[in-house]
Amino acid sequence: MAEEKAALREHMSHIESRDLLGRQVTLGRLEDHDVVVAESGVGKVASAVTAALLAREFSCRGLVVSGVAGGLDPELHIGDTVIAHSLIQHDYGHLHDTALTPFRPGIPPLGEHRRDFSFELPAELALKLERLAQEIALPDLPGDLIAPRQGSADRRPAGLPRRVLMGRILSGDQFINSESVRRRLQQEFAAHAVEMEGAAVAQVGALLELPVVVVRCLSDLAGAESHLDFPRFVAAVAPGAALVLRRIIREI
Ligand code: ADE
């Protein structure tokens with residue numbers, strides 16, 4: 001989204017804009033690296049197309065996704081940030097009467113690999129990111145935003161710093177605004193957060209043999225109030241993901 005792109009663009013230098021099949025892309029330098037930044041579009045198809053276009057057009061060495069997500073792990077609060085060590089498309093698979101059996105996207109659902117439905121970071125990269133996550137401190141969110149809203153499910157204990165952690169992120173073509181769905185997703189996949197693009201970009205990365213790092217700051221908790229929390233927090237939390245991403249680009 002524009003808020004998520006703006007949080008990165010304001011730290012770039014040598015900026016140049018281009019049009020790529022109707023998408024505005026921004027080339028420039030970020031943390032001493034050449035980068036190209038674009039809004040991915042919402043959902044798995046839009047983000048996969050954007051990722052593949054950028055990777056091929058600009059010979060990218062890696063793909064990164066920065067933005068917001070809904071929290072699933074009950075230990076997490078709005079403003080915490082998850083770096084994905086694994087990414088799953090939670091809406092892809094074999095739908096039975098009662099459940100969905102996930103399969104690996106992009107290959108026929110046959111043979112042993114059909115059940116490798118999680119896109120995993122290489123172990124060495126995951127270890128480096130884990131160390132980095134522990135070093136990053138995020139600034140507090142503005143006081144008027146963290147004051148508990150009546151009926152809100154998010155109760156960050158006073159003085160508890162915002163966390164940056166490695167975790168499992170789910171992606172699907174659905175905005176999750178339901179207590180029962182968030183509970184089911186968290187239990188079935190032991191996941192920390194849910195969004196709509198990361199695992200699709202991971203699928204592109206797997207195809208092109210490029211590393212994919214997804215960083216998501218929680219804008220809501222994907223439950224009954226996520227439709228209220230998302231617009232309230234998106235602009236305030238998107239810079240958190242961008243800050244973490246800049247540290248990753250600088251040091252890795
Ligand atoms: N991105 C941010 N919040 C989300 C939610 N609740 N569901 C899916 N994607 C999201």
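Worth knowing before you read on, the calculation uses all heavy atoms, side chains too, and leaves out hydrogens, waters and symmetry mates. Since we're looking at a predicted model, the values are computed, not measured. Every number for a ligand or one of its atoms is a count from 1 in the order of the listing.
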the protein heavy atom lying closest to atom 10 (C) of ligand 1 turns out to be Val194 O, 3.7 Å
Ligand 1 to Ser219, heavy atom cutoff 4.0 Å, flagged ligand atoms 2 (C), 3 (N)
Here the atoms of ligand 1 under 4.0 Å from any heavy atom belonging to Ala222 are 6 (N)
Logged contact type for Ala69 with ligand 1, heavy-atom cut-off 4.0 Å, is backbone
The protein heavy atom nearest to atom 4 (C) of ligand 1 is Phe175 CE1, 3.4 Å
Cation-pi, Phe119 ring and Arg104 (6.0 angstrom, 45 degrees): yes
Separation between CG (Leu218) and CD (Glu195), nearest 0.5 Å, reads 11.0 Å
Test of understanding: clusters of I, L, V, M, F, W, Y form through side-chain heavy atoms closer than 4.5 Å, transitively. Do Leu138 and Ile83 belong to the same one?
yes
Separation between OG (Ser118) and NE2 (His85), nearest 0.5 Å, reads 8.5 Å
Ranked by distance from atom 3 (N) of ligand 1, the top protein heavy atom is Asp220 OD2, 2.7 Å
task = Run the salt-bridge test on Glu31 and Arg246 with the 4.0 Å N-O cut-off and return the result as yes or no.
result = yes
With side-chain contact (heavy atoms from CB on, under 4.5 Å) as the test, would you mind laying out the steps for Leu72 and His192 before giving the verdict? CA-CA 5 Å; Leu72 294 177; His192 296 83; 5.9 Å; no
For Ile176, the atoms of ligand 1 under 4.0 Å from one of its heavy atoms are 5 (C), 6 (N), 7 (N), 8 (C)
If you scan protein heavy atoms around atom 9 (N) of ligand 1, the nearest is Glu195 CA, 3.4 Å
Taken to the nearest 0.5 Å, the spacing of Arg182 CZ from Leu170 CG works out to 11.5 Å
min-distance protein heavy atom vs atom 8 (C) of ligand 1 -> Gln174 O, 3.5 Å
